[in-house]
Number of protein chains: 2
Amino acid sequence: MPSGECRGQGWWHGKFRGCGYRLTLGREAILDILSKAEGHLSAEDIYIKVHPKYPNIGLTTIYRTLDVLSNLGMVYKLDFGDGRARYELAEGPKGAHHHHHLVCTGCNRVVDYTDFIDEEVELLQQTEKGLGKKYNFKINNHVIQFYGLCDKCSGNK
Amino acid sequence: MPSGECRGQGWWHGKFRGCGYRLTLGREAILDILSKAEGHLSAEDIYIKVHPKYPNIGLTTIYRTLDVLSNLGMVYKLDFGDGRARYELAEGPKGAHHHHHLVCTGCNRVVDYTDFIDEEVELLQQTEKGLGKKYNFKINNHVIQFYGLCDKCSGNK
DNA sequence: CTCCTTAATGAAAATGGTTTCCATTATTAA
DNA sequence: TTAATAATGGAAACCATTTTCATTAAGGAG
Ligand SMILES: [Mn+2]
Ligand SMILES: [Mn+2]
Ligand SMILES: [Zn+2]
Ligand SMILES: [Zn+2]
């Protein structure tokens, strides 16, 4: 992880500032796709979306950039059990929009939800605090996913 | 998924009953390992533990058996981000011992915790109920994992 | 603006966990 | 015991991700 500064015009440029990462066309393209297409994109999904406009950006760069973004905390790397990692922006230009996931094990549909977050947030903070103290962990992230069958898939059975 | 009955002496035989699965040496060996070695074993871990006693059980069978057990709900398939699936028994002979995980992103250490489960359980039930109704999901499982740095790893930084 | 250092990149090859194939074996019901 | 077929193992295939390495280009210095 290098150190230094950089400049640019996108909202994410500030995030790079102070981390010494160079601002390249590829990285901008990938961040652009991620900030527009909301959802849960795989590396290949991103590649396919980026390719028409920037045909010279390879899959390898997608993976490398996602790794950087993930380490910077700008992107969440998710696993929904379909054999490939999926990525989503941790927060948009307007700020955080933290949410959890509801995954259908039948058709792999994923629902973002922010409902019930009030009680959840409270409990999570308590839990993080308690666990951190008890196990001497510096907790900085969590994953909460519910698995089940969506209406269509439970109807099929 | 076949149908029928089966017999045996292990506590898990009952689980197989009514599902039509045949009770084989390999499956017993794998369940045996899982019930003894608590932890989070990869398919290869299990293979290595099973091999000395049953050298003729292949990795393929390990994977297939874990898949069956996972579908039966007898085993949880977990992802801690280290590139391989890990498995743990959903419950032992004495009953359930549901827990959540605390994962160190520095050294990959995983802590099982059951503390704070009381409030968690209550909230989870509420949440599952609410989400299920709102999104028409039949929720039957959840994953909760906290990520952070353990004492050793946060000291290193 | 030009030069220089070195981070970033792309294409191809390698990796490695998991799955598939298929001929053979073993479990179970009859 | 026998027949039907589920289960198995070894090898090959799969395929998402990583590594290699020669080439390009971002960005600071001057
Ligand atoms: Mn999401
Ligand atoms: Mn565990
Ligand atoms: Zn579904
Ligand atoms: Zn650690």
Side-chain angles (χ1 to χ4, degrees), chain A residues 1-10 13 16-31 40-48 50-51 54-72 75 77-87 108, chain B residues 1-10 13 16-31 40-48 50-51 54-72 75 77-87 108:
Chain A
M1 227 185 253
S3 62
E5 282 208 0
C6 47
R7 70 233 133 74
Q9 34 253 294
H13 293 206
F16 271 120
R17 178 170 304 166
C19 295
Y21 287 107
R22 293 182 182 176
L23 208 36
T24 66
L25 206 61
R27 288 175 176 173
E28 293 209 86
I30 293 167
L31 277 164
H40 311 96
L41 304 175
S42 67
E44 195 185 2
D45 289 340
I46 295 170
Y47 175 77
I48 289 172
V50 165
H51 198 254
Y54 305 94
N56 48 342
I57 291 176
L59 229 201
T60 309
T61 292
I62 309 281
Y63 276 109
R64 274 187 292 226
T65 298
L66 288 170
D67 200 48
V68 167
L69 294 174
S70 182
N71 287 334
L72 284 178
V75 151
K77 183 179 183 180
L78 306 167
D79 169 58
F80 295 135
D82 66 340
R84 68 196 57 197
R86 294 186 172 273
Y87 302 84
N108 271 28
Chain B
M1 224 184 254
S3 61
E5 282 208 1
C6 45
R7 70 231 134 71
Q9 35 253 294
H13 293 206
F16 271 120
R17 178 170 306 167
C19 296
Y21 287 106
R22 293 182 180 175
L23 209 36
T24 65
L25 207 60
R27 289 174 176 174
E28 294 210 87
I30 292 167
L31 277 164
H40 310 98
L41 303 175
S42 68
E44 194 185 3
D45 289 340
I46 295 170
Y47 175 76
I48 289 171
V50 165
H51 198 253
Y54 304 93
N56 48 342
I57 291 176
L59 228 202
T60 308
T61 291
I62 309 279
Y63 276 108
R64 275 187 293 228
T65 298
L66 288 171
D67 200 47
V68 168
L69 293 174
S70 181
N71 287 334
L72 285 178
V75 152
K77 183 179 183 179
L78 306 167
D79 169 58
F80 295 135
D82 66 340
R84 67 195 59 196
R86 294 186 171 275
Y87 303 84
N108 272 26

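FYI, side chains are in, hydrogens and waters are out, and symmetry mates aren't considered; it's all heavy atoms of this structure. Naming convention: chains lettered A, B, ... in sequence-line order (proteins, then strands); numbering from 1 in each chain. The model shown is predicted, which means the values in this text are computed figures rather than measured ones.
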Between [options], spot the one nearest the side chain of [X], thanks.
{"X": "B:R84", "options": "D:dT20, C:dT18, D:dG27", "answer": "C:dT18"}
{"X": "B:R22", "options": "C:dT28, D:dA26, C:dT18", "answer": "C:dT28"}
{"X": "B:T65", "options": "D:dT17, D:dT20, D:dT8", "answer": "D:dT8"}

Rounded to whole Å, please give me the gap between [atom1] in [X] and [atom2] in [N].
{"X": "B:L69", "N": "D:dA7", "atom1": "CG", "atom2": "C1'", "value": "14 Å"}
{"X": "A:E44", "N": "D:dT18", "atom1": "CD", "atom2": "P", "value": "15 Å"}
{"X": "A:L66", "N": "D:dT18", "atom1": "CG", "atom2": "P", "value": "10 Å"}
{"X": "A:I57", "N": "D:dT23", "atom1": "CD1", "atom2": "P", "value": "21 Å"}
{"X": "A:R64", "N": "C:dT6", "atom1": "CZ", "atom2": "P", "value": "19 Å"}
{"X": "A:F80", "N": "D:dA16", "atom1": "CZ", "atom2": "P", "value": "17 Å"}
{"X": "A:D67", "N": "C:dA8", "atom1": "CG", "atom2": "P", "value": "12 Å"}
{"X": "A:L23", "N": "D:dG28", "atom1": "CG", "atom2": "P", "value": "11 Å"}

Give a yes/no answer on whether the side chain of B:Y63 brings an N or O atom under 4.0 Å of OP1 or OP2 in C:dT19.
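Checking B:Y63 against C:dT19: no side-chain N or O falls below 4.0 Å of OP1 or OP2.
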Closest approach of A:R86 to A:H40 (non-hydrogen atoms, all atoms of both residues)
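It is NH1-O, 2.8 Å.
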Walk me through whether B:L72 and B:Y21 qualify under side chain to side chain contact (heavy atoms under 4.5 Å, CB included).
CA-CA 10 Å; B:L72 285 178; B:Y21 287 106; 3.8 Å; yes
Considering every strand and a 4.0 Å limit on heavy-atom distances, what is the contact class for [X]: base, sugar-phosphate, or nothing?
{"X": "B:R27", "result": "sugar-phosphate"}
{"X": "B:L25", "result": "nothing"}
{"X": "A:T60", "result": "base"}

Checking A:R84 against A:D82 for the side chain to side chain contact (heavy atoms under 4.5 Å, CB included) test, could you report, in this order, the C-alpha distance in whole Å, the side-chain angles of both residues, the deciding distance, and whether it holds?
CA-CA 6 Å; A:R84 68 196 57 197; A:D82 66 340; 3.9 Å; yes
Apply side chain to side chain contact (heavy atoms under 4.5 Å, CB included) to the pair A:H13 and A:L23, showing each step before the final yes or no.
CA-CA 8 Å; A:H13 293 206; A:L23 208 36; 3.1 Å; yes
Which is more 5' along DNA chain C, the nucleotide nearest B:A43 or the one nearest A:I62? Just name the residue.
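Its nucleotide being nearer the 5' end, the pick is A:I62.
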Looking only at side-chain N and O atoms, does B:D45 offer a donor or acceptor that is under 3.5 Å from a partner on B:S42?
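Yes - a donor-acceptor pair under 3.5 Å links their side chains.
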